[in-house]
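Written below as structure tokens is the structure these notes are about.
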Amino acid sequence: GESVGLHLPTLSVQEGDNSIINCAYSNSASDYFIWYKQESGKGPQFIIDIRSNMDKRQGQRVTVLLNKTVKHLSLQIAATQPGDSAVYFCAEKAPWSGATNKLIFGTGTLLAVQP
Amino acid sequence: NAGVTQTPKFQVLKTGQSMTLQCAQDMNHNSMYWYRQDPGMGLRLIYYSASEGTTDKGEVPNGYNVSRLNKREFSLRLESAAPSQTSVYFCASSAGGAGNEKLFFGSGTQLSVL
């Protein structure tokens, strides 16, 4: 899974399987979290977000789970497709950033979907 | 609707040269940001502008300057480029304020400093 650090973990899954990408965040006071997808040569693209007053949020084929007790965030992708192959970043809103909304990004996880 | 537009997409500089990266957004967003992305690392904030007329340092501001030219445009300047500034640079914008944390990113500028 992903954490703040220097390595880029890789998750390899078969097409059609479900994917789970994990992220450990650092600030217990953070109240907003977001997942981005970055394809090669492109900028990060918003996937889904969640606030700390929720444990789970669902989108189209994606679900984000938040466990505040252990400061853990996960992104679940259902029926993974080749087009899902990308680097996935989690980010937390810096609790001291107030209205400036500064995001602290993790190092990313490379999702490789095998046909 | 173009979103966030960055120019140039690629640039090669020699050590000591200067250049300005341009960024414009057409979403009427208040806040704009410059990030750099290095291999195996997440995005690191260089500078941001919470609103027109204000700029503040982020995590890695040394060697950079910014200008919030107007609400749409936020430029990043390297006065004397160094090899350590070889990176991919992303501009982003957000509506700003409470409840508007989502950032929208441009497609990036790949900069090499030789």
Side-chain angles (χ1 to χ4, degrees), chain A residues 1-10 21 23-27 30-54 57 59 64 73 86-110, chain B residues 2-7 9-10 21 23 25 27 29-52 54-61 68 74 87-110:
Chain A
E2 174 185 350
S3 64
V4 175
L6 298 178
H7 302 288
L8 187 63
T10 299
I21 300 171
C23 175
Y25 63 92
S26 55
N27 296 289
S30 294
D31 62 1
Y32 176 83
F33 306 88
I34 189 168
W35 281 98
Y36 283 92
K37 171 186 179 183
Q38 186 177 25
E39 296 173 283
S40 181
K42 297 184 179 180
Q45 179 183 7
F46 168 79
I47 302 174
I48 192 168
D49 57 1
I50 188 169
R51 297 194 182 278
S52 59
N53 60 353
M54 301 175 68
R57 192 174 188 203
V64 56
L73 195 66
V87 176
Y88 290 80
F89 292 95
C90 69
E92 61 185 295
K93 176 183 172 181
W96 56 86
S97 67
T100 60
N101 296 332
K102 288 189 280 187
L103 297 181
I104 302 170
F105 285 83
T107 55
T109 295
L110 175 62
Chain B
V4 179
T5 303
Q6 292 182 236
T7 56
K9 292 189 181 299
F10 302 94
L21 280 64
C23 176
Q25 50 90 10
M27 295 174 282
H29 282 169
N30 290 310
S31 302
M32 298 186 73
Y33 309 79
W34 276 105
Y35 285 86
R36 62 177 287 173
Q37 183 176 38
D38 300 296
M41 301 183 73
L43 294 150
R44 294 184 292 169
L45 183 63
I46 305 171
Y47 269 93
Y48 67 99
S49 171
S51 60
E52 185 180 357
T54 69
T55 61
D56 285 287
K57 296 178 180 179
E59 182 186 358
V60 288
R68 183 74 183 267
F74 188 39
S87 188
V88 181
Y89 292 85
F90 288 100
C91 178
S93 70
S94 75
N100 294 306
E101 296 91 342
K102 189 189 306 181
L103 297 188
F104 296 82
F105 285 86
S107 57
T109 296
Q110 187 168 327

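So that the names make sense, note that chain A is the first sequence line, chain B the second, and so on, each numbered from 1.
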Exercise. Does A:N101 use its side chain to pair, donor to acceptor, with the backbone of B:G97 at less than 3.5 Å?
Worked result: yes
Problem set entry | Proximal component of A:K42, with respect to chain B [non-hydrogen, under 4.5 Å] | backbone
Exercise. Which heavy atom of A:F89 sits nearest a heavy atom of B:G42, and at what distance?
Worked result: CE2-CA, 4.0 Å
Seminar exercise, completed: Bottom line for A:L103: the part with an atom under 4.5 Å from chain B's heavy atoms is both
For this session: Heavy-atom distances under 4.5 Å only: say whether B:L43 touches chain A with side chain, backbone, both or neither.
Result: both
Problem set entry | Interatomic spacing from OH in A:Y36 to CZ in B:F105 - rounded to 0.5 Å | 5.0 Å
Problem set entry | Separation of B:Q37 CD from A:T107 OG1 (nearest 0.5 Å) | 10.5 Å
Problem set entry | Exercise: identify the closest heavy-atom pair between B:K102 and A:Y32 | N-OH, 3.8 Å
For this session: Mind checking the CD-CD1 spacing from B:E101 to A:I34? Nearest 0.5 Å is all I need.
Result: 8.0 Å
Exercise. Non-hydrogen atoms of chain A under 4.5 Å away: do they reach the side chain of B:Q6, the backbone, both or neither?
Worked result: neither
Exercise. Highest number of heavy-atom pairs under 4.5 Å with chain A: which of B:S31, B:C91, B:A50, B:S107?
Worked result: B:S107
For this session: Counting only heavy atoms closer than 4.5 Å, note whether A:Q38 contacts chain B via side chain, backbone, both or neither.
Result: side chain
